[in-house]
2 protein chains.
Amino acid sequence: MEKTICNSSHSKEEIQPLRYLSRAEALAIDKELLEEFRFGHQQLIEIWGHACAMAVTKVFPRRSLQRKQPTLLVVCGCEQNGAVGLACARHLRVFEYEPTIFYPKRSSNPLFRDFTTQCEKMDIPFLSYLPAETQLISDAYNLVIDALLGVEATPGELLEPFSTILATLKQIRIPLVSLDVPSGWDVETGTSDGISPDVLVSLAAPKQCATRFVGKHHLVAGRFLPYDVQKKFELNFPEYPGTDDVVSL
Amino acid sequence: MEKTICNSSHSKEEIQPLRYLSRAEALAIDKELLEEFRFGHQQLIEIWGHACAMAVTKVFPRRSLQRKQPTLLVVCGCEQNGAVGLACARHLRVFEYEPTIFYPKRSSNPLFRDFTTQCEKMDIPFLSYLPAETQLISDAYNLVIDALLGVEATPGELLEPFSTILATLKQIRIPLVSLDVPSGWDVETGTSDGISPDVLVSLAAPKQCATRFVGKHHLVAGRFLPYDVQKKFELNFPEYPGTDDVVSL
């Protein structure tokens with residue numbers, strides 16, 4: 001980024017462009033939050049899950065939904081992204097949506113198991129399989145939330161059941177909301193052959209792949225980030241409205 | 001509570017009175033959340049800290065404050081209530097208030113220590129002592145948040161430094177916001193000789209002492225509670241507006 005020569009006392013007010021993070025930078029922010037600032041995994045997942053649910057309520061208010069019932073399907077992977085999906089589903093239930101979860105490969109991590117139990121005990125239904133016939137999905141749900149793969153995933157090495165699920169998600173014709181990194185995309189280069197979400201919710205800050213996002217709504221859930229982290233990584237967020245924990249770009 | 005005879009199909013819509021919990025019921029809800037639903041302590045503290053900060057923004061929007069600087073003082077105890085105060089201070093910082101924390105007796109619980117570190121690393125100032133001269137407090141801050149003592153406390157057995165701090169809080173003439181149980185009050189019987197908060201934010205659900213609260217604003221941070229818990233304990237919350245995690249009674 002060019003250095004600005006301070007020939008005016010107002011130069012610091014110039015609007016800087018939003019930053020898109022490389023994989024290494026995204027991991028460096030996580031490390032800083034966890035090790036330096038002593039945030040907990042549970043805390044971060046809760047914060048992001050809540051923010052993603054807020055994002056869904058903003059883009060798809062209940063009264064705007066196509067179907068009478070405010071149904072939605074949350075597809076969760078076995079890493080952190082999936083746990084954020086579980087927390088998001090729980091908050092959406094609290095906001096009076098009707099989430100159903102598809103969580104084909106459950107993590108043995110006790111932390112993720114607890115987020116699963118919270119959903120199960122709140123009577124959120126879990127699908128035992130994802131219909132290959134996408135019309136069945138379109139008939140049953142207003143939208144699908146993709147919390148399958150995140151920053152950790154390496155698209156070239158996708159194993160089952162994830163490659164089959166991705167093939168199904170690619171054919172879906174109802175709105176698709178991806179959390180952080182659209183599943184199947186490389187975190188840096190994106191993809192031209194993956195799913196094509198309508199909404200992207202970046203966790204902490206946008207990753208480089210988000211520059212290739214062509215959907216309608218891109219939101220960022222990074223308000224909780226300490227000012228020093230925002231400054232160090234030059235995140236240049238726009239102003240978050242009111243007490244919202246997401247902002248639209 | 002009286003049973004209603006179902007002589008009308010609409011009888012289930014009748015508004016039931018809000019429930020005020022005994023100490024045993026409050027502990028039973030905590031136990032259910034932690035053991036049955038597998039919520040984590042860290043998660044609950046984060047949820048409540050955020051909700052308390054939201055409550056403060058609702059009752060005291062920044063533009064409504066007396067002083068030019070949106071300063072406030074958060075007084076934290078060494079139990080869970082204090083940790084919620086720390087999380088609340090952090091969220092208020094994010095909402096562009098200027099919190100200062102007084103946390104005289106730090107917990108050795110690693111969980112609470114992490115919430116402390118988050119505040120310290122975000123450059124929230126910590127006071128090393130509380131001025132006995134309350135005019136100094138009134139001159140420096142717009143309001144004080146009392147996160148000193150919660151459900152666990154037994155008012156008759158108060159040790160130092162808490163009794164001195166309570167004596168100071170009683171004399172404060174700027175608005176006082178108490179979290180869950182006003183410090184020095186018995187959780188069930190309340191008190192006639194304690195502090196007199198202007199705002200009370202009940203965590204999960206109101207405790208019996210809240211029936212003796214005579215301040216202006218009583219808010220409840222219980223939206224996240226699973227429906228089955230709300231029903232089992234007959235909490236009868238009013239409807240939470242929008243995506244807010246607090247509601248005014």
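Note on naming: letters A, B, ... go to the chains in the order of the sequence lines (proteins, then strands), and numbering restarts at 1 for each one.
Interface residue A/Thr243: backbone and side-chain heavy atoms are both found under 4.5 Å from chain B. Only the side chain of A/Asp123 comes within less than 4.5 Å of a heavy atom in chain B; its backbone stays farther off. Contact annotation for A/Glu120: neither backbone nor side-chain heavy atoms come within less than 4.5 Å of a heavy atom of chain B. Heavy atoms of A/Gln42 lying under 4.5 Å from chain B belong to its backbone as well as its side chain. Both the backbone and the side chain of A/Met122 come within contact range of chain B, judged by heavy atoms closer than 4.5 Å. Heavy atoms of A/Ile45 lying under 4.5 Å from chain B are absent altogether. If you measure heavy-atom distances from A/Phe95 to chain B, the contacts under 4.5 Å come from both the backbone and the side chain. In this structure, no portion of B/Leu111 lies under 4.5 Å from any heavy atom of chain A. Contacts between A/Arg90 and chain B at a heavy-atom distance below 4.5 Å involve the side chain alone, from C-beta outward. At a 4.5 Å heavy-atom cutoff, the contact between A/Phe115 and chain B is made by side-chain atoms alone.
No other option in B/Cys119, B/Gly40, B/Gly242 has as many heavy-atom pairs under 4.5 Å with chain A as B/Gly40. Options B/His91, B/Met54, B/Glu36 differ in how many heavy-atom pairs under 4.5 Å they form with chain A, and the most are formed by B/Glu36.
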